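One structure below.
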Amino acid sequence: MKFLQYSVLPFLLVVVILSLSGSTLAHSHGDFLHCLSLHLANSSTISKVIYMRNNPSYSSVLNASIQNTRFSTPATPKPLAIITPLKTSHIQSTIYCSKKHGLQLRIRSGGHDFEGLSYVSEVPFVILDLLNFRAVKVDTKNKVAWVQSGATLGELYYGIAAKTKTLAFPAGICPTVGIGGHFSGGGYGMLIRKYGLAADHIIDAQLIDANGRILDRKSMGEDLFWAIRGGGGNTFGIVLAWKIKLVPVPAVVTVFTVNKNLEQNVTKILHRWQYIAHKLPDDLYVDVGITKVSSSQAGKKTVQVAFIALFLGVVDELIPLVQERFPELGLAKENCSEMSWAESVLYFGGAPRKSLDILLDKNVIPRTIFKAKSDYVKEPIPESGIEGFLSMFLEKEADFAAMLMVPFGGKMEEIPENELPYPHRAGNLFQASYIVGWRKEENAESGKYISWIRRFYSYMATYVSKSPREAYFNYRDLDIGSNNISGYTSYQQASIWGFKYFKSNFKRLVQVKTMVDPMNFFRNEQSIPPLSSP
Ligand code: FDA
């Protein structure tokens, strides 16, 4: 069967494309373009779909969604072209032409990959950016929605909130995160204890595979449908859209933030939190954010621990519950605010609650330079251990560092480890993640900040999961292992990082990959390899 139905375009069109792309192109570059131009419908489409390096809009399209500016320096490898498809046939053509001309394809939805893998590669590559695939269709009657991968979480939440206050979706906190990468790696937010992950609520999907076939749940089969719900993006195909089940929430929810610092006995409170947070009723989620702040003593710094909560109910129910279960927190009514669930997303993102339109702003979260890592904790960390990591925040490299502790229990305790590729379920008290940032002008000294977070990670080793030391795929960390980007990667080599992200689900992911993409067309430094690839 022919890969695509297309009619050969007039020679004139090819001339237009090649002139758009400049005359000093490398051979494969020009061949790729020529190939793509033959497959696209007309020249007006082409100017909206292909951005070559000499196109005046190339840099702005490239940088539009780069969240970690560690990967937008002059030294960062740049794509030969950015393709922004308007329809599925453009995606099929891009697959066909990049395969034919040996170019690597990087798929980008929201551009939030911690290691920049959706827009950086060490080998010649093109970016397929789904920025035009951002439709959100919410059906409140059936409590479902279809959302395209290029939409942001904010656009999804806005789409739900525009129709109802009593439905929500259990995905991430940051409204600028893209649906495509987020759902592909699991995706969690403040509803994790009540409802689990975003991936737990996907009921259908539309995917284009390495052969350009458009598949839905039925035609892709349950193995592939299992793999795309958490087994990572850029491995099994390009997911165009997801059908999701919405979840009920009350019209009024309550949020609070209580800050404690080193001078306020915070070690003891944090120690208690570990015994309490995962056992609270599912309607209450209390996480922990740790940062360095100015102390009340002039010129001094302290460490602040913020206890941040979402309660699916009103404040008058919340206060007695917290006073009974977590009295050490000293929660008072003035710490709490009632609002709708969608407004709570703005609250947790630190945005003003004036208008939900902010959810649509792709620049609401400032772009930063950072390195991050993650862990899972199964036993409470002793007070001495907590004191140790809190004191590391007083080091000078930790001015822009943070640690987040996300309580598990609730729904996460009920879902079997192999239900989806995401394996970190029962038995975890919390997920811990660490991030360090620095200023752009300190880029030349980035090594000292990266050393700090690696030391922090080494310190935590005593207190976190072991064999494997588990990590969250969506908090991508190339320190834990990597594929060979241009050659064969053995199962053993990929197992080093694969078991940390997926535990024994990694084996099934490799089987699915071997079945659906044996030539390993969709690949990156942490994509699942097939059992034997070229
Ligand atoms: P991006 O476009 O960079 O893609 C990430 C990966 O998925 C890449 O490998 C890419 O090739 C692949 N991919 C993207 N679209 C695809 C598609 N349509 N088909 C196939 N593969 C595709 N996580 C979380 O669980 N909860 C949270 O609250 C947050 N919050 C958060 C805040 C901020 C500021 C950042 C930077 C990140 C988070 N994350 C998070 C992590 C986030 O879930 C993770 O980085 C996602 O992969 C981002 O998805 P994007 O589509 O934005 O990334």
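On a predicted model such as this, the values are computed, not experimentally measured, just so you know. Just follow the structure's listing: the first ligand is 1, and inside any ligand the first atom is 1.
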- Query: Considering only heavy atoms, does Arg106 approach ligand 1 within less than 4.0 Å through its side chain, its backbone, both, or neither?
  - Reply: neither
- Message: For Ser65, run the side chain to side chain donor-acceptor pair (under 3.5 Å) check against Lys362, Arg367, Arg108 and tell me which one passes.
- Response: Arg108
- Is the closest basic N to carboxylate O distance between Arg508 and Asp223 below 4.0 Å? yes
- Task: Before accepting this row, confirm whether a basic side-chain N of the pair Arg106/Glu525 lies closer than 4.0 Å to the acidic partner's carboxylate O.
- Result: yes
- Short list, please: which atoms of ligand 1 are under 4.0 Å from a heavy atom of Ser149? 18 (N)
- Message: Could you measure the distance from the NE2 atom of His201 to the OH atom of Tyr195? Nearest 0.5 Å is fine.
- Response: 8.0 Å
- Quick one: look at Gln67 and ligand 1, take heavy-atom pairs under 4.0 Å, and tell me if it's side chain, backbone, both or neither. side chain
- Sub-3.5 Å donor-acceptor pair from the side chain of Ser98 to the main-chain atoms of Thr94, do we have one? yes
- Query: What part of Asn524, side chain, backbone, both or neither, has a heavy atom within less than 4.0 angstrom of ligand 1?
  - Reply: side chain
- How does Tyr472 reach ligand 1, by side chain, by backbone, by both or by neither, if only non-hydrogen atoms under 4.0 Å count? side chain
- Query: Under 4.0 Å from ligand 1, counting heavy atoms only, is it the side chain of Leu240, its backbone, both or neither?
  - Reply: neither
- atom 48 (C) of ligand 1: nearest protein contact (heavy atom, Å): His112 CB, 3.7 Å
- Message: Looking at Glu115 and Arg70, is any side-chain nitrogen of the basic one under 4.0 Å from a carboxylate oxygen of the acidic one?
- Response: yes
- Query: Can you tell me the protein heavy atom closest to atom 18 (N) of ligand 1 and the distance?
  - Reply: Val239 O, 2.8 Å
- Query: Using the benzene-type ring in the case of Trp, are the ring centres of Phe370 and Phe114 under 6.0 Å apart?
  - Reply: yes
- Task: Output yes when Asp477 and Lys371 qualify as a salt bridge under the 4.0 Å nitrogen-oxygen rule, no when they do not.
- Result: yes
- What residue and heavy atom of the protein are closest to atom 21 (N) of ligand 1, and at what distance? Asn234 N, 3.0 Å
- Message: Starting from atom 43 (O) of ligand 1, what is the nearest protein heavy atom, named by residue and atom, and what distance separates them?
- Response: His182 ND1, 2.8 Å
- Item | Heteroatom distance test (Gly110, ligand 1): nitrogen or oxygen, under 3.5 angstrom | yes
- Message: Please work out, at 4.0 Å between heavy atoms, whether the side chain, the backbone, both, or neither of Tyr475 comes within that distance of ligand 1.
- Response: side chain
- Item | Identity and separation of the nearest protein heavy atom to atom 6 (C) of ligand 1 | Asp113 OD2, 3.6 Å
- Query: Is there a nitrogen or oxygen of Ile173 sitting under 3.5 Å from a nitrogen or oxygen of ligand 1?
  - Reply: yes
- Message: In this structure, is the centre-to-centre distance between the rings of Phe236 and Phe522 below 6.0 Å?
- Response: no
- Message: Under 4.0 Å, heavy-atom basis, I'd like to know which part of Ser109 is in contact with ligand 1: side chain, backbone, both or neither.
- Response: both
